[in-house]
Amino acid sequence: MDKISIDNGKYFDFGKTSKAYAKYRDIYPEELFNKLYELGIGVKGSNWLDLGTGTGVLPRSMAKYGANIIATDIAKSQIDEAIVLSKRLDNIRYEVKSAEDIDYPENTFDAITACQCFWYFDPNIIVPKIKSMLKEGGIFLKVYMSYMKEDSITFDSNNLVKKINDSWAGASPSLKDLRTHYFDNPHMDTLVVDLPFTRETWHGRMMSSRGVMASMNEEQILQFDKEHMSMLKEKYPEEFTVKHKIFLTWYYM
């Protein structure tokens with residue numbers, strides 16, 4: 001993926017992170033899934049489209065409610081991991097497809113979601129498609145979850161990424177997206193949660209980020225791998241929590 005507005009145009013590909021992403025990025029808390037269900041997402045018999053699904057975290061976590069789910073992602077390796085992780089779930093259909101290339105009939109979906117990804121899409125293409133594909137009264141929802149910079153461990157980890165990859169813009173693209181509304185009458189909410197990590201799982205979470213495995217070359221990845229784990233062992237305990245904020249923005253059609 002090559003977006004001029006993200007990371008100064010530096011190329012990144014989450015497909016390169018898929019194994020680590022599947023192992024270390026399934027960290028969304030139950031509070032989020034409960035909130036989405038309260039909003040009507042995933043309810044039994046409804047039709048739900050999840051854009052930029054990655055390894056299918058949202059569909060996998062909410063398939064138990066009984067929605068008919070289609071989940072798409074541009075990276076085949078991400079979808080491959082999602083299929084493996086969803087092998088016992090028969091109400092999710094995964095498709096390798098960019099958000100801009102989706103082409104479903106008008107009034108198909110009761111809900112469309114984009115978790116941790118909407119700022120990667122071309123709004124000139126995807127926004128009209130969302131408006132067309134949603135049923136009257138349907139919901140479009142964006143989710144963004146970020147660790148909070150106040151924690152010393154996030155500060156240290158961010159600084160190391162930027163030392164090795166100075167093109168990385170961190171959360172800037174997502175924060176810009178939070179302030180940009182392409183649909184009328186936005187509804188917004190935030191959740192604050194403490195998520196548990198070990199040194200290994202925090203290291204894996206950072207390794208599978210856009211700033212590291214998705215965009216660094218092999219030499220840089222090895223450097224980050226070595227220096228980050230060394231820093232964790234030197235400064236932080238084996239187990240800890242990291243405060244995260246979850247931003248939700250939704251619109252009714």
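Since we're looking at a predicted model, the values are computed, not measured.
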Margin query: A side-chain contact here means heavy atoms from C-beta on lying under 4.5 Å apart; do Met133 and Leu49 qualify?
Written below: yes
Notebook entry, point to check: If you look at every heavy atom in Gln220 and Asn217, which pair is closest and at what distance?
Noted result: N-OD1, 2.8 Å
Notebook entry, point to check: Going only through I, L, V, M, F, W and Y residues with side-chain contacts under 4.5 Å, is there a path from Ile164 to Trp168?
Noted result: yes
Margin query: Run the side-chain hydrogen bond (donor to acceptor under 3.5 Å, both in side chains) test on Ser98 and Asp101 for me, step by step, so that the C-alpha distance in whole Å, both residues' side-chain angles and the decisive distance to 0.1 Å come before the verdict.
Written below: CA-CA 5 Å; Ser98 73; Asp101 287 337; 3.1 Å; yes
Notebook entry, point to check: Within a strict 4.5 Å, meaning less than it, do heavy atoms of the Phe240 and Pro196 side chains meet?
Noted result: no
Next item on the list: Verify, without hydrogens or angle tests, whether Thr154 (side chain) and Asp151 (backbone) share a donor-acceptor contact under 3.5 angstrom.
Entry: yes
Checklist line | Electrostatic pair Asp80-Lys76, nearest N-O below 4.0 angstrom | finding: yes
Item checked: Shortest non-hydrogen separation from Pro29 to Leu195 and the atoms involved -> CB-CD2, 4.2 Å
Throw together a table of side-chain donor-acceptor distances under 3.5 angstrom for residues 243-253, partners on residues two or more places apart or in other chains.
residue : atom : partner : partner atom : Å
Lys243  : NZ   : Asp194  : OD1          : 3.2
Lys243  : NZ   : Asp194  : OD2          : 3.4
His244  : ND1  : Val242  : O            : 2.9
Tyr251  : OH   : His181  : ND1          : 2.8

Next item on the list: Locate the shortest heavy-atom distance separating Ala82 from Arg60; write the atom from each residue and the value.
Entry: O-CD, 4.3 Å
Check: Hey, any chance Val193 and Val143 share a hydrophobic cluster, counting ILVMFWY side chains that come within less than 4.5 Å of each other, even indirectly?
Finding: yes
Next item on the list: Return yes if a side-chain donor-acceptor contact under 3.5 Å exists between Asp225 and His203, otherwise no.
Entry: yes
Next item on the list: Kindly indicate whether the side chain of Tyr144, heavy atoms from C-beta on, has any atom under 4.5 Å from the side chain of Trp119.
Entry: yes
Item checked: Asp110 side chain vs Gly138 backbone, donor-acceptor pair below 3.5 Å -> no
Notebook entry, point to check: Which class fits the ring pair Phe121 and Phe118: parallel under 30°, tilted 30 to 60°, perpendicular over 60°?
Noted result: perpendicular
Notebook entry, point to check: Given the rule in the side chain to side chain contact (heavy atoms under 4.5 Å, CB included) test, do Ser215 and Asn165 qualify, once you have shown the distances and angles that lead to the verdict?
Noted result: CA-CA 8 Å; Ser215 58; Asn165 178 8; 3.2 Å; yes
Next item on the list: Let me see the working for Ser157 and Arg205 under side chain to side chain contact (heavy atoms under 4.5 Å, CB included), right down to the final yes or no.
Entry: CA-CA 11 Å; Ser157 297; Arg205 186 260 173 269; over 6 Å; no
Notebook entry, point to check: Between Phe12 and Tyr120, is the ring centre distance below 6.0 Å?
Noted result: yes
Next item on the list: Drop me the distance from Lys235's NZ to Ser152's OG, to the nearest 0.5 angstrom.
Entry: 6.0 Å
Check: Do Leu134 and Phe140 touch side chain to side chain, with heavy atoms closer than 4.5 Å?
Finding: yes
Checklist line | Working for salt bridge (Lys or Arg N to Asp or Glu O under 4.0 Å), residues Glu30 and Lys64 | finding: CA-CA 13 Å; Glu30 195 66 27; Lys64 62 185 178 183; 3.7 Å; yes
Checklist line | Residues Thr17 and Ser208: side-chain donor-acceptor under 3.5 angstrom | finding: no
Checklist line | Lys97/Asp73 ion pair, N-O < 4.0 Å | finding: no
Check: Is there side-chain contact between Ile79 and Thr53, with at least one heavy-atom pair below 4.5 Å?
Finding: yes
Check: Less than 4.5 Å apart, any side-chain heavy atom of Ile139 and any of Ile41?
Finding: yes
Next item on the list: For Thr198 and Glu239, work out which heavy atoms get closest and say how close.
Entry: CG2-CG, 4.1 Å
Notebook entry, point to check: Between OG of Ser167 and NZ of Lys162, what distance do you get to the nearest 0.5 Å?
Noted result: 12.0 Å
Margin query: Minimum heavy-atom separation for Ile92 and Ala71, please, with both atom names.
Written below: CG2-CB, 4.4 Å
Notebook entry, point to check: Hey, are the side chains of Tyr147 and Ile153 touching, using non-hydrogen atoms and a 4.5 Å cut-off?
Noted result: no
Check: Checking Thr55 side chain against Ala22 main chain: does a donor-acceptor pair fall under 3.5 Å?
Finding: no
Note to self: According to a hydrophobic-cluster definition based on side-chain heavy atoms being under 4.5 Å apart (Ile, Leu, Val, Met, Phe, Trp, Tyr only), do Met216 and Leu222 belong together?
What the structure shows: no
Could you go through residues 183-192 and list every donor-acceptor pair under 3.5 Å that involves a side-chain atom there, pairing it with any protein atom two or more places apart or in another chain?
residue : atom : partner : partner atom : Å
Asp189  : OD2  : Lys35   : NZ           : 3.2

Next item on the list: Could you check Leu36 against Leu141 for side chain to side chain contact (heavy atoms under 4.5 Å, CB included), going step by step and ending with a plain yes or no?
Entry: CA-CA 9 Å; Leu36 267 57; Leu141 178 139; 4.3 Å; yes
Check: Would the number of heavy atoms belonging to other residues, nucleotides or ligands and lying under 6.0 Å from CD of Glu218 be above 12?
Finding: no
Checklist line | Approximate separation, where rounding is to 0.5 Å, of Leu175 CG and Ser146 OG | finding: 7.0 Å
Check: Distance from Glu200 atom CD to Leu232 atom CG, nearest 0.5 Å?
Finding: 11.0 Å
Check: Would a hydrophobic clustering, with Ile, Leu, Val, Met, Phe, Trp and Tyr connected at side-chain separations under 4.5 Å, put Tyr24 with Met206?
Finding: no
Checklist line | Enclosure of Lys19 NZ (heavy-atom neighbours >12, cutoff 6.0 Å) | finding: no
Notebook entry, point to check: Could you state the interatomic distance from CD1 (Ile102) to OG1 (Thr108), rounded to the nearest 0.5 Å?
Noted result: 10.0 Å
Next item on the list: Search all heavy atoms of Pro59 against all heavy atoms of Asp50 and return the closest pair with its distance.
Entry: CD-OD2, 3.4 Å
Item checked: Side-chain (Gln116) to main-chain (Met145) donor-acceptor, under 3.5 angstrom -> yes
Notebook entry, point to check: Do the charged groups of Lys87 and Glu81 touch, with an N to O distance under 4.0 Å?
Noted result: no
Notebook entry, point to check: Side chains of Glu150 and Phe155: closer than 4.5 Å at any heavy-atom pair?
Noted result: no
Checklist line | Pairs where residues 60-94 contributes a residue and the test ring pair (Phe, Tyr, Trp, His ring centres under 6.0 Å) is met, not counting sequence neighbours | finding: Tyr37-Tyr65
Margin query: According to a hydrophobic-cluster definition based on side-chain heavy atoms being under 4.5 Å apart (Ile, Leu, Val, Met, Phe, Trp, Tyr only), do Val43 and Leu89 belong together?
Written below: yes
Next item on the list: State whether Glu106 and Lys129 are salt-bridged, where the test is any N-O pair (Lys NZ or Arg NE/NH1/NH2 against Asp/Glu carboxylate O) under 4.0 Å.
Entry: no
Margin query: I'd like to know whether Asn91 forms a side-chain hydrogen bond (donor to acceptor under 3.5 Å, both in side chains) with Asn68, so could you lay out the CA-CA distance, the side-chain angles of the two residues, the decisive distance to 0.1 Å, and finally the verdict.
Written below: CA-CA 5 Å; Asn91 57 326; Asn68 306 306; over 6 Å; no
Checklist line | Side chain Asp13, main chain Ala214, donor-acceptor under 3.5 Å | finding: no
Checklist line | Euclidean distance, Tyr21 OH relative to Ser77 OG, rounded to 0.5 Å | finding: 11.5 Å
Check: Is a donor on one side and an acceptor on the other found under 3.5 Å between the side chain of Ser132 and the backbone of Pro128?
Finding: no
Item checked: Worked verdict on Tyr104 versus Phe109 for side chain to side chain contact (heavy atoms under 4.5 Å, CB included) -> CA-CA 9 Å; Tyr104 302 106; Phe109 298 105; 3.8 Å; yes
Notebook entry, point to check: Just checking, is any N or O donor in the side chain of Glu219 or Gln223 under 3.5 Å from an acceptor N or O on the other one?
Noted result: no
